[in-house]
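The structure appears right after this line, and notes come after that.
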Protein chains: 2
Amino acid sequence: MSPRKGLDMPTIVEAAAQIADASGVEEVTLASLAQKLGVRSPSLYNHVNGLGGLRVQLAIYGLKKLTAAVTDSLQDKTGDDAMHAIAAAYMAFARAHPGLYELTLRSPDDGDAEYAAASALLVDLLVQTLSYYDLDREKSIHIVRGFRSYLHGFASIEQKGGFGMPIAVDESIRLVLQTYLIGLRHS
Amino acid sequence: MSPRKGLDMPTIVEAAAQIADASGVEEVTLASLAQKLGVRSPSLYNHVNGLGGLRVQLAIYGLKKLTAAVTDSLQDKTGDDAMHAIAAAYMAFARAHPGLYELTLRSPDDGDAEYAAASALLVDLLVQTLSYYDLDREKSIHIVRGFRSYLHGFASIEQKGGFGMPIAVDESIRLVLQTYLIGLRHS
DNA sequence: ACTATAAACTAATACCATTAGTTTTTCAAG
DNA sequence: CTTGAAAAACTAATGGTATTAGTTTATAGT
């Protein structure tokens, strides 16, 4: 009706995230998003820099939400407890928000400062948690990379249906992390 | 010129893989592929079941090529040597064929038998290599999942430019795998 | 009350996948 | 050697997509 619908960035990004989680990443188009918002698709250009810009915003939004979920899971845990809590929270997020999670790891090389900042926040959280283990600076970086890779690998492969067998993935995650942490102590 | 260009599946899939690696996954369209092959895009439907079918073929092709590269790297190595060789070959493949690698992990739930078989072959290779460590059957499955996740996580994150810092990723891979294997021995 | 701006709109373009229907070449059977 | 059928190319058309240009309208601030 009225030419002012009161759209703003949060509304748009959240609607897009809902489409991504409910119907898959490739279903989030400017057309489907505009329809969901009761608007014509060119109107979205007043708020977002095309489909590419929308994806960047989704990546930032998802990364912040993921970091918040992981942070919440930590409470005052430290050491192995903290590591397992992070892994559980990370996987829970990826399962609850499959589309949004996928978009999170999608922003490429384009130097978006806000995305870089959000990404750094998550890495910082991991680095701080790992400080419990008294690693030297360089080794700490390697181990954090390994932890991130392991988390993303599990989340990504599970999402594509790559773990065919019915043996519980959660148990795999627990055991693999435990193995990694034992190795960390004996090195 | 002549209405018979002699196209066949291998030619088509290899051309598509070249586009994927050179220009990125989203650039492999029936339009760009047809142009590269000197053909009109509807002609491709005589060989491939649309864009979706092409992607399935690319996933199979990439998986086979990846498995072959990993197999070649093994020679007669066993134990830690074999594990490090696999990791190095896996990463080398992902770096040499970024687009094809990305497509490899993309075939979803649709029950394509050939894709499932190719995927099982790679997993078998990992299982066999891990048999060196004398794990019981269930634990072996968990550890293989962890290894795969770790490999895919590193490959995927590196490809998206996620490891900002200039510290060598190869060293991270080596150290993280070493840590994992130490943990395996002490558990 | 007026005006400038922001946010919506319509219209148009270009690209993409896909389907339908047509032509042409090749290959094999008579 | 001819002929006929099937395979592989083609053209034409449709519907969906992003994006740009130009227009209208509501709103917020003077």
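By convention in this document, chain letters (A, B, ...) are assigned in the order of the sequence lines, proteins followed by strands, and residues within each chain are numbered from 1. The structure presented is a predicted model; accordingly, all values stated were derived computationally and were not measured.
Rounded to an integer number of Å, the gap from I12(B) CD1 to dA7(D) P is 16 Å. Protein atom CD of Q35(A) is 12 Å distant from nucleotide atom P of dA18(D), rounded to whole Å. Between the CG atom of L7(B) and the C1' atom of dA8(D) there is a distance of 9 Å, given to the nearest Å. What separates CG of L33(A) from C1' of dT19(D) is a distance of 15 Å, to the nearest Å. Per the geometry, CG belonging to L30(A) stands 14 Å off P belonging to dA8(C), to the nearest Å. Atom CG of L37(B) is separated from atom P of dC10(D) by 11 Å (rounded to the nearest Å). In this entry the distance linking CZ of R40(B) with C1' of dC16(C) reads 15 Å, nearest Å.
Put simply, the side chain of F147(A) reaches to within 4.5 Å of the side chain of L177(A), judged on heavy atoms.
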Which donor-acceptor pairs under 3.5 Å do side chains of residues 80-95 of chain B form with protein atoms, sequence neighbours excluded?
| from | atom 1 | to | atom 2 | distance (Å) |
| --- | --- | --- | --- | --- |
| D80(B) | OD1 | Y133(B) | OH | 2.5 |
| D80(B) | OD1 | R185(B) | NH2 | 2.9 |
| D80(B) | OD2 | R185(B) | NH2 | 3.1 |
| Y90(B) | OH | Y101(B) | OH | 2.7 |
| R95(B) | NE | E158(B) | OE1 | 2.7 |
| R95(B) | NH1 | D170(B) | OD1 | 3.0 |
| R95(B) | NH2 | E158(B) | OE2 | 2.9 |
| R95(B) | NH2 | D170(B) | OD1 | 3.3 |

Exercise answer: donor-acceptor pairs, residues 59-66 of chain B side-chain atoms, under 3.5 Å, sequence neighbours excluded:
| from | atom 1 | to | atom 2 | distance (Å) |
| --- | --- | --- | --- | --- |
| Y61(B) | OH | K65(B) | NZ | 3.4 |
| K64(B) | NZ | E114(B) | OE2 | 3.1 |

Name each donor-acceptor pair under 3.5 Å that joins a side chain in residues 41-52 of chain B to protein atoms two or more places apart or in another chain, with its distance.
| from | atom 1 | to | atom 2 | distance (Å) |
| --- | --- | --- | --- | --- |
| S43(B) | OG | R40(B) | O | 3.2 |
| N46(B) | ND2 | S43(B) | O | 3.4 |

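Annotation: side chain to side chain contact (heavy atoms under 4.5 Å, CB included) contacts of S23(A) (sequence neighbours excluded): E27(A). The side-chain hydrogen bond (donor to acceptor under 3.5 Å, both in side chains) test applied to S187(B) returns K139(B), not counting sequence neighbours.
For the contact set between residues 41-52 of chain B and DNA chain D, defined by any heavy atom under 4.0 Å, the members are P42(B), S43(B), N46(B), H47(B).
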